[in-house]
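Here's the structure, in structure tokens; my notes come after.
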Amino acid sequence: MKLVTAIIKPFKVDDVRDALSAFGIEGMTVTEVRGYGRQKGQTEIYRGTEYVITLLPKVKIEVAVDCALVDKTVTAIREAAHTGKIGDGKIFVLDISRSARIRTGEPL
Amino acid sequence: MKLVTAIIKPFKVDDVRDALSAFGIEGMTVTEVRGYGRQKGQTEIYRGTEYVITLLPKVKIEVAVDCALVDKTVTAIREAAHTGKIGDGKIFVLDISRSARIRTGEPL
Amino acid sequence: MKLVTAIIKPFKVDDVRDALSAFGIEGMTVTEVRGYGRQKGQTEIYRGTEYVITLLPKVKIEVAVDCALVDKTVTAIREAAHTGKIGDGKIFVLDISRSARIRTGEPL
Amino acid sequence: MLHRNGNLALWAMGLALFATPVRADDPTLNAADTAWMLTSTALVLMMTIPGLALFYAGMVRQKNILAVMMQNFAVCALVTVLWMIAGYTLAFTEGNAFIGGLDRFFLNGLTKDALSGTIPESVFMMFQMTFAIITPALITGAFADRMKFSSFLVFMTLWSLVVYAPVCHWVWGPGGFLSAAGVLDFAGGTVVHINAGIAGLVCASMIGIRKGHGTENMAPHNLTYSVIGASLLWVGWFGFNAGSAVASNGAAGMAMAVTQIATSAAALAWMFVEWAVRGKPSVLGIVSGAVAGLVAITPASGFVDPMGGLIIGLVAGVACFWGATWLKKTVGYDDSLDVFGVHGVGGIVGALLTGVFAVQAIGGEGKAGLIDGNPGQILTQAYGVGVTVLYTAVVTAVLLFGIKTVMGLRVTPEEEREGLDISLHGETVH
Amino acid sequence: MLHRNGNLALWAMGLALFATPVRADDPTLNAADTAWMLTSTALVLMMTIPGLALFYAGMVRQKNILAVMMQNFAVCALVTVLWMIAGYTLAFTEGNAFIGGLDRFFLNGLTKDALSGTIPESVFMMFQMTFAIITPALITGAFADRMKFSSFLVFMTLWSLVVYAPVCHWVWGPGGFLSAAGVLDFAGGTVVHINAGIAGLVCASMIGIRKGHGTENMAPHNLTYSVIGASLLWVGWFGFNAGSAVASNGAAGMAMAVTQIATSAAALAWMFVEWAVRGKPSVLGIVSGAVAGLVAITPASGFVDPMGGLIIGLVAGVACFWGATWLKKTVGYDDSLDVFGVHGVGGIVGALLTGVFAVQAIGGEGKAGLIDGNPGQILTQAYGVGVTVLYTAVVTAVLLFGIKTVMGLRVTPEEEREGLDISLHGETVH
Amino acid sequence: MLHRNGNLALWAMGLALFATPVRADDPTLNAADTAWMLTSTALVLMMTIPGLALFYAGMVRQKNILAVMMQNFAVCALVTVLWMIAGYTLAFTEGNAFIGGLDRFFLNGLTKDALSGTIPESVFMMFQMTFAIITPALITGAFADRMKFSSFLVFMTLWSLVVYAPVCHWVWGPGGFLSAAGVLDFAGGTVVHINAGIAGLVCASMIGIRKGHGTENMAPHNLTYSVIGASLLWVGWFGFNAGSAVASNGAAGMAMAVTQIATSAAALAWMFVEWAVRGKPSVLGIVSGAVAGLVAITPASGFVDPMGGLIIGLVAGVACFWGATWLKKTVGYDDSLDVFGVHGVGGIVGALLTGVFAVQAIGGEGKAGLIDGNPGQILTQAYGVGVTVLYTAVVTAVLLFGIKTVMGLRVTPEEEREGLDISLHGETVH
Ligand SMILES: Nc1ncnc2c1ncn2[C@@H]1O[C@H](COP(=O)(O)OP(=O)(O)O)[C@@H](O)[C@H]1O
Ligand SMILES: Nc1ncnc2c1ncn2[C@@H]1O[C@H](COP(=O)(O)OP(=O)(O)O)[C@@H](O)[C@H]1O
Ligand SMILES: Nc1ncnc2c1ncn2[C@@H]1O[C@H](COP(=O)(O)OP(=O)(O)O)[C@@H](O)[C@H]1O
């Protein structure tokens with residue numbers, strides 16, 4: 001199994017989930033993160049002071065899939081999360097050496 | 001070393017921690033995440049509108065352990081986090097190719 | 001590629017970012033987590049009751065880097081996040097078997 | 001002995017407010033009435049800031065909370081200045097049946113000793129100002145999450161002067177044609193609530209639905225704020241309704257009592273209906289019901305007795321539940337925070353039921369509704385409602401159309417997605 | 001010249017309220033008194049919503065915040081209707097020494113011109129209603145996080161009519177036996193605080209401890225809310241205590257002054273004791289101390305001078321700290337938000353110390369405590385406390401037992417774990 | 001007939017408050033004035049808790065929110081007790097031109113029937129107490145996030161007695177030398193705002209900048225709280241300014257009106273200037289503008305007409321924007337929440353402009369400024385400002401220096417980094 005991990009723009013979560021459901025991937029885990037990268041941050045102004053918010057809100061999506069599905073998953077995420085603007089995010093694939101479903105104890 | 005990663009129900013965190021302490025694992029990192037899976041979400045109602053909350057609150061637990069302890073760790077988490085109801089969560093084991101303790105600089 | 005993952009003290013985030021920028025690493029993802037370890041927690045008191053907060057606020061930093069840069073990255077994080085006090089945190093290096101930039105579709 | 005609490009004199013003054021020029025014949029200051037009206041003014045201001053601002057802010061998504069509060073706060077400042085310049089004089093000085101004159105342009109001639117009935121004119125002007133503030137503030141709920149702030153300011157400026165001031169004059173100003181026609185509106189059912197409710201409906205329709213409406217999760221971010229807001233609206237409404245007696249006496253006391261009763265009845269009605277229909281009694285439901293009751297009792301509060309208040313409240317709770325759920329869904333407009341469903345529907349219900357439950361024992365000679373032998377009052381009330389609905393709807397639409405043409409009404413899709421807090425105001429709730 | 005500020009007349013009225021039927025001999029409306037009582041009514045309503053709702057909501061875990069606010073808001077609406085129907089008449093009309101009559105059933109006969117002392121009866125009824133609202137609302141803190149909402153509504157309905165109304169009649173109603181016995185309770189030490197505190201203790205005991213009590217982290221989610229709540233309680237309490245003078249005069253002013261002083265003294269006392277005992281002065285501590293002071297000065301506020309207030313406050317701060325920490329821990333009940341520790345203990349301390357510090361220079365002829373040469377007053381006070389404690393404890397237990405048998409008191413363990421916001425009301429704070 | 005609303009008598013009383021001992025010749029209680037002053041007292045208390053506490057708490061980082069609220073709440077309790085013991089007597093009894101006497105030590109002799117003008121002395125004492133509370137509370141914004149709580153309590157104790165009480169005596173006490181010199185300060189421009197603003201500047205300078213100032217992100221955590229706070233300040237300020245008429249009449253009404261107008265003008269001015277200069281109108285900007293307007297109109301509120309109020313507001317909005325942005329940045333002190341930029345600058349602007357816009361038609365015989373033919377008043381005002389600035393600056397510095405030497409002013413760097421909530425009070429907002 002592989003753990004496909006993607007950092008995406010927050011408003012793309014639903015699109016990604018739908019794209020994955022489309023070929024039967026019905027589970028994922030979502031984390032609110034903040035990202036630092038080429039996308040330049042927003043400026044907040046409070047009276048005399050400006051703060052450049054360099055850490056921008058992003059969402060991390062983790063999906064465990066069979067090795068056979070990795071390509072499809074990566075492509076699906078890439079397409080669903082794509083806007084073409086800087087800050088769209090990254091996808092990393094990690095190896096899962098072992099997995100288990102807690103309810104049943106069996107591997108996924 | 002391995003990184004044992006578990007997605008569990010939030011109210012099981014203390015149980016899992018106690019189960020791990022029981023055989024000497026004294027460190028872990030906890031993240032609030034939201035999970036999408038077979039467990040169906042809750043419905044929130046606001047005046048004319050219902051929102052089905054498909055992303056349910058979960059907790060991710062990460063524990064770095066020696067390879068020798070992986071079995072014991074996985075079993076301990078599984079047992080402690082088990083309720084038998086849908087939504088109990090998953091365990092994934094990843095490889096750690098290198099580790100360091102920041103305070104001392106030594107590997108764990 | 002490798003995913004260098006560090007659990008550090010929250011107020012060290014800016015220092016770590018600066019240390020990484022210093023040799024050209026311009027991207028990272030930051031997550032608010034809580035950590036359990038040797039560092040003993042704070043006690044909160046509410047009328048008749050004391051709660052020991054064993055899960056302390058930490059920040060997880062994830063940086064994807066070329067294998068060649070792993071050493072430099074680990075060292076930079078270790079030095080920047082170091083205070084010498086208990087609770088400084090850990091660094092884990094994971095393998096990335098594949099990566100993609102969503103905007104362009106190319107690997108990093 | 002009659003000089004200060006003589007019911008006759010006070011009563012004349014009370015009537016005077018609604019049927020004739022506000023300056024009564026006997027120009028004596030009543031310090032006690034003044035004390036209550038100073039207090040009422042503070043209470044009604046509190047209804048808008050922070051009351052309404054919180055009530056609305058709690059219902060939007062986190063990224064728009066500050067923008068909602070900004071709109072309410074800015075309306076408060078803006079309308080104050082407009083009211084000083086032209087609003088007050090257009091609404092409350094002698095003019096014709098449709099609009100006042102310019103005698104009090106820039107409050108010219110409003111001296112420290114000028115009286116309005118038994119209270120200083122400065123206090124009367126201030127009390128009425130707080131009504132002129134909350135009315136446009138109510139509308140902000142209809143276009144929450146998507147209106148440009150600059151267009152918002154222009155719209156509010158024009159609406160205050162072109163819609164609020166005349167409608168206020170018709171009902172409460174000297175010689176207004178609706179008051180002459182016998183329309184009963186004790187504290188602002190038509191002037192405030194129907195007016196704002198209809199304007200909100202027009203705004204919601206013309207600005208269009210929120211991006212993601214019906215597909216994205218737009219659950220309220222923090223209903224704690226809405227409960228605080230609704231509570232402060234409730235408390236402040238004592239100034240609104242009991243203050244509309246413009247005196248510290250039994251009329252004020254009775255207005256306070258029926259307000260409390262109708263509000264509670266409506267809160268319970270909404271709660272139980274929702275419980276029956278949807279399976280759970282919600283917090284947003286009970287506070288919405290309370291506001292519905294406050295709205296509906298407003299026109300009636302000086303004319304009905306406690307039993308009348310109870311029934312008006314029960315009807316309003318059910319009707320506004322229907323307005324904010326079934327009606328909105330069926331028609332399909334996106335009135336984000338139910339300005340029409342609560343204030344429009346509640347205001348109309350209240351105005352009509354005033355024609356049913358008004359009794360002379362409370363409102364005085366000639367203020368009778370159906371149950372006091374004057375069924376015709378219902379038609380008079382319907383006439384008042386109809387005229388207000390028509391005028392507001394048309395003029396609001398014209399104003400919005402003009403602004404849309406000149407400068408646009410709506411933020412860009414990116415700004416809307418990012419949230420108005422950061423895109424319009426450069427700030428966020430962290 | 002004597003007709004309106006004649007101290008004698010006013011004074012007679014003040015006394016009348018506590019010792020004899022509320023209708024005074026001289027039926028003249030005093031508009032100034034009315035202005036202050038209208039204001040006081042608004043202030044006391046603000047104590048419950050949003051004051052108490054926030055005070056309590058800030059102390060629970062995030063998953064139960066809305067449920068706590070819901071309970072307070074719903075009690076407000078519910079008791080209003082009950083008070084209109086039967087509560088007011090049972091408490092405040094002529095009946096026997098134990099309960100009033102039905103003269104004002106559904107507020108029948110409460111006309112616009114009816115007076116109660118120098119103010120409209122509508123205002124008196126409303127002012128008293130706000131007390132009838134806050135008393136059951138206080139109890140909600142005892143069973144926070146675990147009571148079924150339906151059972152809650154049933155319990156509150158019964159408790160209002162079967163416990164609050166009679167106890168109120170005994171102390172403040174015409175012919176009530178506790179007032180006849182000379183028990184002094186200016187603004188509700190027994191009627192409100194001991195009553196609620198004891199009922200809370202019984203509730204906490206009978207509903208059982210929260211799941212996870214003592215093992216899980218149940219730290220307050222957002223004490224900011226509790227500070228806002230405590231602040232609004234403090235401000236609103238001026239209506240509670242100074243309003244209980246039912247007049248706008250030196251008695252009201254002095255009640256306000258001693259309230260402020262006792263509250264501050266108690267806040268500082270709790271803060272310093274906690275600092276000494278536990279090492280840090282906490283925010284929850286200082287606001288709890290303030291509430292303890294407000295509670296303890298309540299029965300005394302019309303009878304003691306500033307020095308008396310200072311001492312009562314100091315004692316209350318220390319006693320309630322002890323009640324909410326040592327006592328609770330030792331006995332082991334789970335009174336979630338310390339209704340008994342603060343209102344029960346504070347109310348008893350205040351009632352007894354009223355018997356010590358009452359002076360005739362403040363409270364008038366015959367209202368003397370130990371330091372004014374009447375040590376027997378302490379026993380009279382203890383008698384009042386004892387009777388109230390006994391009656392409330394027994395009847396509350398019977399009511400709860402009945403409800404438990406018929407419909408259950410408590411949510412399921414799953415609902416409790418999920419949190420009442422989502423499980424009972426289908427909403428969450430995001 | 002003249003006995004109660006005779007303008008002459010009331011007027012004399014009004015003047016009396018500022019120019020001569022507070023006890024007027026004709027010792028008759030006016031119940032209506034009393035009703036308004038009881039209300040005003042509640043309103044001004046609400047300004048500090050929860051108003052100011054929230055205004056400030058919303059601007060700090062999450063880790064310091066409770067500590068900010070704690071400071072405001074503790075000041076409220078602390079100053080109450082100090083005022084009872086010595087503050088009131090030092091400020092308001094006969095003494096010399098610089099300080100009062102000890103006649104009312106521990107409020108000795110303040111009976112229930114004692115009058116101050118037309119209201120009970122207890123009420124006057126309470127009203128003034130709320131001013132004595134808010135003034136030091138304002139200072140807390142200057143050293144937010146870094147002061148030791150113990151040192152804070154000591155500083156506030158000394159400052160209240162050694163700075164506030166005398167300055168208050170100079171301006172409002174019997175025989176105070178600033179009032180004798182003809183300095184006009186209706187509701188506290190010098191006594192409250194300049195006093196607090198300058199003390200804040202000294203505090204910020206002496207305690208040093210926050211760790212991370214200028215490098216770390218110190219964005220306000222939750223401006224929702226600040227908007228609630230600013231709104232409650234606005235509403236409560238009606239008690240502050242209109243209450244300073246110490247009567248329920250046209251003077252109070254006019255003070256309320258000019259307060260509302262100046263506040264709104266300042267809010268809009270700040271908003272538009274910021275929009276022009278920085279590209280976006282911010283929520284923090286508009287609420288800061290409103291507070292700036294409230295501050296600036298304070299000294300003028302009983303002396304200027306609506307046009308005067310409008311101009312004062314506009315000037316204050318621009319001046320305080322400049323104070324909180326350019327001035328602070330240029331000089332480089334870290335006045336965390338702009339106590340000096342808003343209250344110092346706004347107070348000085350207001351005091352001087354009172355000398356420009358005061359007209360006898362509002363303030364009465366002899367209260368004239370430049371536009372009413374008395375240009376010299378500007379110099380008199382400048383004299384009042386200068387004396388206050390000098391005294392406050394020097395004495396505050398001496399007090400801080402002493403405390404620093406004896407016990408230190410500042411928390412440790414670790415405590416500052418962890419946040420004061422957990423390190424000083426053992427609590428957090430979750
Ligand atoms: N080297 C990296 N390691 C981990 N996460 C990264 C890295 N670089 C970028 N990211 C994440 O991807 C997000 C988007 O990156 P950015 O450089 O802004 O734009 P883009 O993905 O379009 O090149 C960042 O906000 C960050 O969360
Ligand atoms: N393929 C997956 N990849 C990552 N996380 C998953 C995946 N499937 C499920 N999860 C996580 O596990 C949680 C529980 O899964 P669910 O299917 O609801 O129940 P169960 O674990 O009992 O089968 C989800 O909420 C989600 O956080
Ligand atoms: N075995 C582990 N697996 C995952 N995270 C760990 C582990 N041990 C410690 N941590 C993380 O590192 C943090 C610091 O660890 P701690 O033992 O307190 O101090 P130190 O790193 O100085 O030894 C913890 O709060 C936790 O987040």
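Note that the structure is predicted; figures quoted are calculated from it, not measured. So that the names make sense, note that chain A is the first sequence line, chain B the second, and so on, each numbered from 1.
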| task | Measure the shortest side-chain to side-chain distance between A/Arg98 and B/Val74 over non-hydrogen atoms and say whether it is less than 4.5 angstrom. | result | yes
| message | Could you work out, with side-chain hydrogen bond (donor to acceptor under 3.5 Å, both in side chains) as the rule, every residue matching B/Arg17, not counting sequence neighbours? | response | C/Thr54
| task | Under 4.5 Å heavy-atom distance to chain A, tell me which part of B/Ile7 shows up: side chain, backbone, both or neither. | result | both
Below 3.5 Å, can you tabulate the donor-acceptor pairs from side chains in residues 84-96 of chain B to any protein atom, sequence neighbours excluded?
from, atom 1, to, atom 2, distance (Å)
B/Asp88, OD1, B/Lys9, NZ, 3.4
B/Asp88, OD1, B/Thr83, OG1, 2.6
B/Asp88, OD2, B/Thr83, N, 2.8
B/Asp88, OD2, B/Thr83, OG1, 3.4
B/Asp88, OD2, B/Gly84, N, 2.8
B/Asp95, OD1, B/Lys2, NZ, 2.3

| query | Among residues 60-72 of chain B, which ones touch chain A with a heavy-atom distance under 4.5 Å? | reply | B/Lys60, B/Val70, B/Asp71
| request: Specify which of A/Gly27, A/Ser99, A/Pro107, A/Ser97 makes the most heavy-atom pairs with chain B at under 4.5 Å. | output: A/Ser97
| task | Enumerate by number any residue of residues 30-39 of chain B whose heavy atoms lie under 4.5 Å from heavy atoms of chain A; in the absence of such residues, state 'none'. | result | B/Thr31, B/Glu32, B/Val33, B/Arg34, B/Gly35, B/Tyr36, B/Gly37, B/Arg38
| remark: When rounded to the nearest 0.5 Å, the distance separating NZ of B/Lys12 from CD1 of A/Ile102 is 10.0 Å
| field | Option that, when pairs with chain B are counted at under 4.5 Å, heavy atom only, ranks first among A/Leu3, A/Leu108, A/Thr104 | value | A/Leu108
